[in-house]
Amino acid sequence: MTAAPDTLVRVSTSPGVTTLTLDSPHNRNALSTPLMSQLLAALDDAVTDDTVRAVVLSHTGPVFCSGADLKETAAAFSSGSVPAGKLGDVLAAVRECPKPIVARVAGPARAGGLGLIAAADIAVCTSEATFAFTEVRIGVIPAVISATVLPRLQPRAAAELYLTGETFDGDRAERIGLVSRAVPADALDETVAAYCAALVRGAPGALAGTKELLRRPAATDLRAELAELGALSTRYFLSEEGREGILAFREKRPARWVPGA
């Protein structure tokens, strides 16, 4: 499919999986207002499409995402508002998407791009990809992205990398929790495909519920938490998906929600 010249987010589909590709290589896939608006619209379409079971966030060009569009930002100074304000909507949409999102990172990411990676449920990068929180070096702070980044990172690593702005590679990104896996470049697509193949075997409602579970705040009352979670577990076991999943397991067949089953 040939994208129109003003298309900054391309959409492609395979059974059960939609891939959203950042396609603004002329500015290193910077988070301009048009790109963020198109990404939000594409995510919304993926959420409402019952055939979509998982979403891959990918990119064209050598750079995954360079962060805020600084040219657009400078032009907006006189208005008292900057495009980075929309980034919060994008990060929330990625983090709260009821369908699993896998970030495919084949090249560098900076600043806001790291917020996108952290917001995804699973992130796979090449070992050679580089990352940096460059905000302090241009006189700003990594404020909005902290909502998704800080829960992922080891505290010591966060302090070091936020304050210094130094560059680090994919292997370190894996060690500190920014990404799930760092792999050789020639294994990137295979690894992403393997994650997607695993994700589409999960029941849609169960996947959405598990994402909510992963976002639950830490409990202050253990027994009350266990009682609530016990009731939640019972609800899922007795649900239509739960009954079908257990029956499929006993009959040694794929559950009916698995694409192609």
Side-chain angles (χ1 to χ4, degrees), residues 11-21 39-40 42-58 91-105 116-125 148 151-152 174 177-181 183 187-261:
V11 180
S12 59
T13 60
S14 59
V17 179
T18 282
T19 298
L20 308 181
T21 301
L39 181 55
L40 285 169
L43 276 170
D44 187 59
D45 288 344
V47 169
T48 57
D49 186 343
D50 290 339
T51 68
V52 175
R53 309 295 302 290
V55 177
V56 174
L57 183 59
S58 186
L91 297 184
V94 173
R95 189 78 177 99
E96 294 174 354
C97 178
K99 301 178 181 184
I101 295 182
V102 180
R104 174 194 173 276
V105 184
L116 274 181
I117 293 168
D121 301 289
I122 296 169
V124 185
C125 73
T148 58
R152 303 287 193 196
E174 179 182 350
L178 179 65
V179 301
S180 312
R181 295 274 304 279
V183 299
L188 179 64
D189 289 332
E190 179 183 358
T191 305
V192 170
Y195 273 121
C196 290
L199 290 169
V200 299
R201 294 187 66 82
L207 288 170
T210 299
K211 288 195 62 169
E212 290 180 4
L213 194 65
L214 289 166
R215 295 195 299 268
R216 282 175 71 96
T220 56
D221 184 330
L222 177 61
R223 289 188 178 274
E225 176 79 350
L226 288 171
E228 184 176 342
L229 291 175
L232 183 63
S233 180
T234 298
R235 192 177 85 208
Y236 274 89
F237 270 110
L238 296 177
S239 71
E240 182 180 347
E241 283 186 351
R243 295 173 191 271
E244 161 63 11
I246 292 169
L247 185 61
F249 178 80
R250 294 185 63 187
E251 295 177 351
K252 296 181 172 56
R253 60 171 175 82
R256 63 172 178 259
W257 57 71
V258 177

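This chain uses plain numbering: 1 for the first residue, then up along the sequence. Heavy-atom basis, side chains included; hydrogens, waters and symmetry copies ignored.
- Heavy-atom minimum distance, V52 versus K99: O-NZ, 2.9 Å.
- Legend: salt bridge (charged side-chain N to carboxylate O under 4.0 Å, His left out) pairs involving residues 227-240, not counting sequence neighbours, sorted by first then second residue: R216-E228, E240-R256.
- To the nearest 0.5 angstrom, D121 atom CG is 7.5 Å from L214 atom CG.
- For R152 against A118, the heavy-atom pair with the smallest separation is NE-O, 2.8 Å.
- Separating the CZ atom in R104 from the CG atom in L20 is a distance of 13.0 Å, to the nearest 0.5 Å.
- The side-chain heavy atoms of V11 and D45, taken from C-beta on, include no pair separated by under 4.5 Å.
- E96 CD to L91 CG: the interatomic distance, rounded to the nearest 0.5 Å, is 10.5 Å.
- Residue T19 is tested with S14, S58, C196 for a side chain to side chain contact (heavy atoms under 4.5 Å, CB included); the sole match is S58.
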- Task: Test side chain to side chain contact (heavy atoms under 4.5 Å, CB included) on I101 and L43 and set out the steps.
- Result: CA-CA 10 Å; I101 295 182; L43 276 170; 3.9 Å; yes

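- In this structure, CG in L57 is found 12.0 Å from OG1 in T18, a value given to the nearest 0.5 Å.
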- Going through the checks in order, is the side chain to side chain contact (heavy atoms under 4.5 Å, CB included) test met by V179 and V105? CA-CA 9 Å; V179 301; V105 184; 5.7 Å; no

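- When the shell of 6.0 Å around CD of E190 is examined, it contains 12 or fewer heavy atoms from other residues, nucleotides or ligands.
- Side chain of E225 to main chain of A219: no donor-acceptor pair is present (N/O by atom type, distance under 3.5 Å, no hydrogens or angles).
- The main-chain N or O of W257 is found under 3.5 Å from a side-chain atom of R53 such that the two form a donor-acceptor pair.
- With sequence neighbours excluded, the residues forming a side-chain contact (heavy atoms from CB on, under 4.5 Å) with F237 are S233, I246, listed by chain and number.
- Heavy-atom contacts from other residues, nucleotides or ligands closer than 6.0 Å to CZ of R215 number more than 12.
- The two residues T191 and R181 come nearest to each other via the heavy atoms CG2-NH1, 4.0 Å.
- In this structure, T210 OG1 and Y236 OH are separated by 7.0 Å, a value rounded to the nearest 0.5 Å.
- Here the closest non-hydrogen pair linking P259 and G16 is CG-CA, 4.1 Å.
- With hydrogens and angles ignored, the 3.5 Å screen pairs a side-chain donor or acceptor of R243 with a backbone N or O of L238.
- Using modelled atom types, one side-chain atom of K211 and one backbone atom of C97 make a donor-acceptor pair closer than 3.5 Å.
- Two residues are said to be in side-chain contact when any heavy atoms from C-beta on lie closer than 4.5 Å; P100 and Y195 fail this criterion.
- For the atom pair D44 CG and D49 CG, the distance stands at 11.0 Å (nearest 0.5 Å).
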